[in-house]
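All remarks here apply to the structure that follows.
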Amino acid sequence: MADVKREIERKYEVADGSLPGLAGAGAVADVVDRGVVELDAVYYDTADERLGAASLTLRRRTGGADAGWHLKFPVAPGVRDEIRAPLSDTVPEEIAALVRSRVRGAELVPVVRLRSARDVRHLVGADGALLAEASVDTVTAERLNRAGGTARWTEIEVELADGADPAVLDAVEERLAGAGVRPSKASSKVAEALRRTGGSRARSAGRAAAPVTAGDHVLAYLREQREAILSRDPGVRRDLPDSVHQMRVATRRLRSAFRSFGSVLDRDATDPVAAELKWLARELGVDRDQEVLAERLSDALNAVPPGEVTGPVRERLDSWATARHGSTRAHLLGVLDSARYLALLDSLDTLLADPPLRKRAAKKPRKVLTRALRKEGAELARLVTAALDLPPGEDRDHALHQARKRAKRARYAAEAAVPALRGPARTLARAAKKLTSLLGEHQDSVLARQTLRELAAVAHAAGESAFTYGVLYEREERAARRTEEKLPGKWAKARSAFPH
């Protein structure tokens with residue numbers, strides 16, 4: 001079973017292999033020599049180094065207290081989540097699954113071997129508690145996967161102890177700087193090894209050119225969303241908070257961009273990919289919608305006076321939420337391991353590598369993107385007006401849901417246009433977001449009422465009181481009416497932000 005460790009560390013270049021005195025640096029009261037540890041790590045990647053391109057590192061390490069397989073995900077500068085699994089001859093399945101969206105059908109092969117003599121010091125506080133571990137690492141690197149040589153260097157690594165104050169690292173860095181020690185230019189040992197032994201194929205392309213044409217802007221947005229899907233995939237597999245939602249949003253943004261910017265990209269080529277994105281969003285939504293609805297109903301029940309709660313309502317609601325989450329999660333993991341999902345990722349890569357650009361893609365962005373936003377505004381106006389003309393009821397609920405989806409599409413189009421249109425597009429994106437939130441609140445109330453009817457029927461069949469479900473239902477009806485009353489004013493503000 002894989003374990004997770006949050007790793008907060010800093011690396012420094014050092015020429016003479018010595019560690020300056022660190023006692024008295026901030027809260028560090030003493031430095032305890034823990035001896036030298038011999039570490040031997042083989043780093044794995046695809047032949048074209050896809051993991052390295054995404055700042056991921058995968059290694060099999062022996063020696064030291066944490067021998068095993070380690071997969072590291074960047075969280076912030078100097079912060080990574082390290083997923084650990086026991087030693088084995090091949091990459092463990094729980095580790096392989098976390099890089100599947102990057103690797104797909106490619107083979108993971110050894111690319112670098114690092115052997116390190118680690119001279120370890122414990123930095124402790126006045127009470128003897130461990131604050132950080134500082135080490136001087138003498139590293140020998142050997143390139144394994146293609147022409148390259150060996151390299152040898154020495155570096156200082158300082159890693160914060162679990163639960164320690166990050167200010168310790170700042171104090172240590174200040175002391176090191178005073179001794180002439182500078183931060184390492186490389187983010188990791190393997191990155192330094194690749195640089196010293198022949199470079200990295202994945203990083204050789206350099207920085208992308210700034211967007212110039214309408215096509216440049218749209219493609220930059222699409223690539224950003226494709227990367228969001230790939231980067232969120234491991235979080236979904238790990239069941240991290242908000243990961244499903246963010247991955248689903250990226251699929252929606254991609255699909256919306258294909259539709260909103262049909263004058264830039266040929267719909268004949270993008271529609272099949274959009275259809276698969278719709279499938280993926282739907283599969284992701286099963287778990288996400290369940291999560292949102294369960295939280296809404298739980299909060300609503302917390303607000304009901306105790307005297308109006310009759311029967312095991314809380315227990316039934318918790319049982320419903322737990323059972324649904326367990327089944328939908330298993331299904332979602334199956335989706336992420338499916339050939340259909342991996343084929344979708346391949347299709348996205350192919351489309352973005354050779355985009356089906358139309359003639360307007362070569363034009364300057366302002367006119368092309370403004371026209372797309374104007375078109376979105378006109379269609380949204382039609383849907384909102386039609387919904388408001390309907391009497392309250394199921395037809396109106398459905399019409400408002402359709403307007404909500406179109407408002408999201410308009411918001412995403414505006415967000416994509418921000419780098420080109422700047423302030424006006426940013427204003428439109430904010431207005432569309434507020435409209436979408438209001439319409440989303442209405443739709444959540446619709447779904448909550450449907451679920452409450454189902455739960456009430458089950459409770460009644462079990463001989464339980466359905467009174468509390470009725471109380472919750474009536475509150476949801478009132479909430480829906482309030483959102484409908486606010487809609488004309490919110491729509492007027494959003495409508496004024498669209499280009500005319």
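Along the sequence shown, the residues carry numbers beginning at 1.
Under a 4.0 Å N-O distance rule, the pair Arg80/Glu9 qualifies as a salt bridge. With respect to Lys72 and Asp81, no salt bridge is recorded, no charged nitrogen being found less than 4.0 Å from a carboxylate O. Residues Asp40 and Arg113 are paired through a salt bridge, judged by an N-O separation under 4.0 Å between the basic side chain and the carboxylate. In summary, Lys189 and Glu157 engage in a salt bridge, as defined by a charged side-chain N under 4.0 Å from a carboxylate O. Taking a cutoff of 4.0 Å between a charged side-chain nitrogen and a carboxylate oxygen, Glu94 and Arg238 do not qualify as a salt bridge. For Lys5 and Glu82, the salt-bridge test fails: no basic side-chain N is under 4.0 Å from an acidic carboxylate O.
Checked by atom type and distance alone, the side chain of Ser298 never pairs as donor or acceptor with a backbone atom of Ala294 at under 3.5 Å. Remark: the backbone N or O of Arg248 is not paired with any side-chain donor or acceptor of Arg232 at under 3.5 angstrom. Using a distance-only test at 3.5 Å, with no hydrogens or angles considered, a donor-acceptor pair links the side chain of Asp45 to the main chain of Arg50.
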Would you list the atom pairs, donor with acceptor, under 3.5 Å between side chains in residues 338-347 and any protein atom, with sequence neighbours excluded?
residue	atom	partner	partner atom	Å
Ser338	OG	Val335	O	2.6
Ser338	OG	Tyr341	N	3.2
Arg340	NE	Glu276	OE1	2.7
Arg340	NH2	Glu276	OE2	2.9
Tyr341	OH	Asp233	OD2	2.7
Asp346	OD1	Arg104	NH1	2.8
Ser347	OG	Ala343	O	3.0

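Within 6.0 Å of the CD atom in Glu107, the count of heavy atoms belonging to other residues, nucleotides or ligands does not exceed 12. Within 6.0 Å of atom CD in Glu227, more than 12 heavy atoms from other residues, nucleotides or ligands are found, so the atom counts as buried in its surroundings. No more than 12 heavy atoms of other residues, nucleotides or ligands shown are found within 6.0 angstrom of CG on Asp89. In this structure, Arg314 places its CZ atom where more than 12 heavy-atom neighbours from other residues, nucleotides or ligands lie under 6.0 Å away. Counting heavy atoms of neighbouring residues, nucleotides and ligands inside a 6.0 Å radius, atom NZ of Lys493 does not exceed 12 of them.
Using modelled atom types, one finds a donor on one side chain and an acceptor on the other under 3.5 Å when comparing Arg152 with Thr140. For the residue pair Glu476 and Ser445, a side-chain donor N or O sits within less than 3.5 Å of a side-chain acceptor on the partner. A side-chain donor-acceptor contact under 3.5 Å links Tyr43 and Arg59.
Contact check for Asp239 versus Arg329: side-chain heavy atoms found under the 4.5 Å cut-off. At a threshold of 4.5 Å between non-hydrogen side-chain atoms, the residues Trp153 and Thr138 do not count as touching. Using a 4.5 Å cut-off on side-chain heavy atoms (C-beta onward), Leu336 and Arg100 make no contact.
Note that CZ of Arg404 is 8.0 Å distant from CG of Leu439, once rounded to the nearest 0.5 Å.
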